[in-house]
Amino acid sequence: QVPLVESGGGSVQAGGSLRLSCAASRYLDRSYCLAWFRQAPGKEREGVAIISPNGGTAYADSVKGRFTISQDNAKNTLYLQMNTLKPEDTAMYYCAAGEFQVCYSASWRLKDRFGNWGQGTQVTVSS
């Protein structure tokens with residue numbers, strides 16, 4: 001199984017920005033739905049953003065207007081640009097790949113819909 005490898009996490013102050021990257025070479029074709037999830041201590045892992053094989057995107061309400069998911073096929077990389085960060089964005093962030101149909105499902109935010117995961121990268125936002 002080809003791994004997904006995240007990078008770019010770190011510590012920032014509220015209002016700052018970070019860009020997460022995920023090396024996802026095998027998954028950047030038209031067969032997979034790609035996603036970013038996050039998990040805060042004591043909470044369930046939740047979907048943050050997805051990008052479909054045709055480039056369509058969707059976001060959790062909590063990050064709309066602040067986060068942007070994108071992919072660069074030439075670099076085999078998935079990104080999550082995070083702006084205007086808030087302390088409640090503090091979590092471990094994971095990239096994930098699932099069957100393309102997931103991107104067109106209302107249940108895309110459920111972790112069980114995705115079968116391929118990275119190891120995660122920590123994001124900490126201080127007030």
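The shown structure was predicted, so the numbers you read here are calculated from the model rather than taken from an experiment.
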With rounding to the nearest 0.5 angstrom, report the [atom1] to [atom2] distance, [X] to [Y].
{"X": "Gln122", "Y": "Ser11", "atom1": "CD", "atom2": "OG", "value": "7.5 Å"}
{"X": "Arg113", "Y": "Ile50", "atom1": "CZ", "atom2": "CD1", "value": "10.0 Å"}
{"X": "Cys95", "Y": "Leu80", "atom1": "SG", "atom2": "CG", "value": "10.5 Å"}

Item to check | Donor-acceptor pair between Thr77 and Asp72 side chains, under 3.5 angstrom | outcome: no

Compare every heavy atom of [Y] with every heavy atom of [X], then report the nearest pair and how far apart it is.
{"X": "Ala97", "Y": "Phe114", "result": "C-CD2, 3.6 Å"}
{"X": "Ser52", "Y": "Cys103", "result": "CA-SG, 3.5 Å"}
{"X": "Ala14", "Y": "Pro87", "result": "CB-CD, 4.1 Å"}

Checklist entry - Considering residues at least two apart in sequence or located in another chain, which fulfil the ring-ring contact (aromatic ring centres under 6.0 Å, His included) criterion with Tyr32? => result Tyr27

Next on the checklist: So, using side chain to side chain contact (heavy atoms under 4.5 Å, CB included) as the criterion, who are the partners of Arg45 when residues are at least two apart?
Outcome noted: Phe37, Gln39, Tyr94, Lys111, Trp117

Next on the checklist: Counting C-beta onward and ignoring hydrogens, is there a side-chain heavy-atom pair between Trp36 and Cys22 closer than 4.5 Å?
Outcome noted: yes

Item to check | Under 3.5 Å: donor-acceptor pair, side chain of Arg38, backbone of Tyr93 | outcome: no

Next on the checklist: If you count heavy atoms of other groups shown closer than 6.0 angstrom to CZ of Phe100, is the number above 12?
Outcome noted: no

